[in-house]
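Worksheet: one structure, shown below.
Proteins come first, then strands; the chains are lettered A, B, ... in the order of their sequence lines, and each starts at number 1. Being a predicted model, the structure only gives us computed values, none of them experimental.
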2 protein chains.
Amino acid sequence: MPALEGQAKPVSPARDALLETECPADEVLALKQLALLGSMQTNIEVSSSELGDLLETSQQTASRRILSLEHRGLIEREVGVRKQLIRITEAGTEILRKEYADYKRLFEMATELHIRGVVQSGLGEGTYYMTRAGYVRQFESKLGFKPYPGTLNLELQGTEVNKIRLLKASSPLLIEGFRDEARTFGEVFAWKARLDGASACALILPKRTHYTRVVELLAPERLRDRLRLVDGQELDVVVTLQP
Amino acid sequence: MPALEGQAKPVSPARDALLETECPADEVLALKQLALLGSMQTNIEVSSSELGDLLETSQQTASRRILSLEHRGLIEREVGVRKQLIRITEAGTEILRKEYADYKRLFEMATELHIRGVVQSGLGEGTYYMTRAGYVRQFESKLGFKPYPGTLNLELQGTEVNKIRLLKASSPLLIEGFRDEARTFGEVFAWKARLDGASACALILPKRTHYTRVVELLAPERLRDRLRLVDGQELDVVVTLQP
DNA sequence: ATTACTATTCTACGAGTAT
DNA sequence: TATACTCGTAGAATAGTAA
C-alpha cells in the first residue's frame, strides 16, 4: 500500500455519512417506543426490563439497545443506581421525524410525485405529433400554456420505472384523440408538472403505450436550452397529481 | 409431565395472536420501502437486488425479505423468469397504517393522553381538601362542574408513571392556593379528562407533589358508585391536553 | 437477466453473573 | 433491586451457484 494513501483524505468519508443515517431498524423501533412513553418531551424513567417487555425482547437486549442509542447520540441518560432517566435528543427526534415523513407520504394522499430520469435524445417524432393542431389546441386549454413544438424525452431507470404505473393510477388529464386527412391520432395522458428553473411544464404519455421507460416533457419553451441540458444528464420532475 | 396437560387447551393461543402482529422490524422496513415505490397502489416491478440496494443489504437478504413478507400475506407476487410484480395486500397496508398511527401520535401534537391506573382506596384526606370552599369555587368555574366531595385515587404502575411528567409538561389548569382560618392550601394542577361511562371528570395533582405514583380524579358524582369500581381494578382515563 | 437454494461466516440474542 | 458484562449458541446475512 502506498504510504501517501489516506494522508490528506478524511478517513472514509462515505463511512462517516453512513454512520449518521445508518441506524438498525430494531433500534429505531426502540427509539419509537421510548418516544411513545413521552421521552421526546421530558425525561422518562424506564428500566431496561420494562423496555424489554414493551419490545418483546430480553432485559439484556433492551439494555444493549439503550447503550447503542446513547452512543449514537440519539438519547441522553442519567443513570443512577436504582433508576435511569432517558430523554431523546434532537438527533433522535430527527430520526423519528424522518420516519414519520416517510409514512406521511404513504398515507397523506401524496399530491406530488418526484420522478428522476435521464435526458435522452429523442427520435424527433415528438415534434411531429406535438405540432398537430388537434393536440396543440387541447394542450393550450388543458395545460394552460402553448407548448414549444417538440418534447424532451426522459428515460426512467431501475425502480423509477414503476412511477409510470403510479402516474397512470392517478387521474391524468385526458387529451382526446382525433383524425386528420392522413391518419388517426390516439389519446394522450397528461399531468401538470414542475421543473426547477422552468416556469411550467407537463409530462405526457400516449395512452396506449405500455412497458415504456420513457416519458415526454412539454413546456412553453425549449427545455434543452432553458435548462442547458445534455444527453445522459439526470433530471428531476415533480408531477402534480389529483388523486 | 402430567399427560393431561395441553389436551383441552388450544395450542398456544397467545402465539397465534403474536403471529398476526409479530413482524420483525427489518421486514416492516422492507414493506415500507416497497410502499414508497408505489406498491400500495399498483403492482410494482422490483428485483431483489434493487430492493437490496435500497435497503442497503444483499440481494439474497432482500429475496428472503420478499419471501417472508409473502408468507405472512403482507404482499402478493407474480414471479416471472425475468421479473416479479409485487403488490402490498390489505394486511400489509394495515401494518403500515399502524406504524403511521404511532408516528402520528408522536408528532401531531397529541391532544389526548391515555393513562391507565389501578383504583386505590384513598386515605380520605381527598375529601377534606376537596371540600374546602377555596378549591370548590375554582373547580366549578374552571372545570365546569360541581365536584362530588371526594376523590378517586388512581395508582399508576410501571412506565405509566412517566405520564405524570408528561402531564406536568403540558399546560395544566391552575387551581390557586388560598388560606383559611387554620392553614394555607397549596396550588393544584387540573386537567379535564374523560372516563368511559362517566359524564365529565378531571384529573388533579397537587403542584408541589413530586415522585408520586398516584393521581386523583374528580367528577360531579361518586365514581366508585357510577362505574361500580373496586380497589385493584384497572381504569383508563383520557386526559385532554392543551399544548 | 432473474430468483432462491445450500454452505459458510458472523452477528446478535439471552443465560449467567459481576457490580 | 438496578445496569451491563462475558460467552455459548441460534439464527441471520452473505458467497457461491443452480435453475
N/O (side chain, S58(A)) to phosphate O (OP1/OP2, dC13(C)) under 4.0 Å: no

Distance-only donor-acceptor test (3.5 Å): side chain Q84(A), base dA2(D): no

Could you tell me whether the side chains of T89(B) and E76(B) share a donor-acceptor contact shorter than 3.5 Å? no

Using OP1 and OP2 only, check whether a side-chain N or O of T57(B) sits under 4.0 Å from dT14(D). yes

Can a side chain N or O of T61(B) be found less than 4.0 Å away from OP1 or OP2 on dT14(D)? yes

Take the protein atom CG of L51(A) and the nucleotide atom P of dG14(C), then report the distance between them rounded to whole Å. 12 Å

Nucleotide nearest S47(A) (side chain, heavy atoms from C-beta), chosen from dT14(D), dT3(C), dT3(D): dT3(D)

Starting at atom NE2 of H71(A), determine the distance to atom P of dT3(D), rounded to an integer number of angstrom. 15 Å

May I ask you to say whether R72(B) pairs ionically with E22(B), meaning some side-chain N is under 4.0 Å from a carboxylate O? no

Protein-nucleotide distance (E22(A), atom CD; dT11(C), atom C1'), rounded to Å: 13 Å

Which part of the nucleic acid does S63(B) contact within heavy-atom distance under 4.0 Å: base, sugar-phosphate only, or nothing? base

Classify the side-chain pair S68(A)/E27(A) by whether it contains a donor and acceptor separated by less than 3.5 Å. yes

Interatomic distance, D26(A) CG vs dG11(D) P [rounded to whole Å]: 16 Å

5′-ward residue of the pair Q59(B)/R65(B) relative to DNA chain D: R65(B)

What's the shortest heavy-atom distance between I204(B) and A190(B), and which atoms? CG2-CB, 3.8 Å

R77(B) has an atom CZ; how far is it from atom C1' of dT3(C), in whole Å? 8 Å

Say whether E45(A) and Y211(B), considering side chains only, have a donor N or O and an acceptor N or O under 3.5 Å apart. no

Can you tell me if R64(A) touches the phosphate of dC13(C), counting only side-chain N or O atoms and a distance under 4.0 Å to OP1 or OP2? yes

Tell me: CD of Q60(A) to C1' of dT17(C), nearest whole Å? 10 Å

Which part of the nucleic acid, if any, lies within contact of L67(B), taking any heavy atom under 4.0 Å across all strands shown: a base, the sugar-phosphate backbone alone, or nothing? sugar-phosphate

Could you state the CG-P distance from L85(B) to dT2(C), rounded to the nearest angstrom? 14 Å

Atom CD of Q157(A) and atom P of dA1(C) are separated, to the nearest Å, by 16 Å

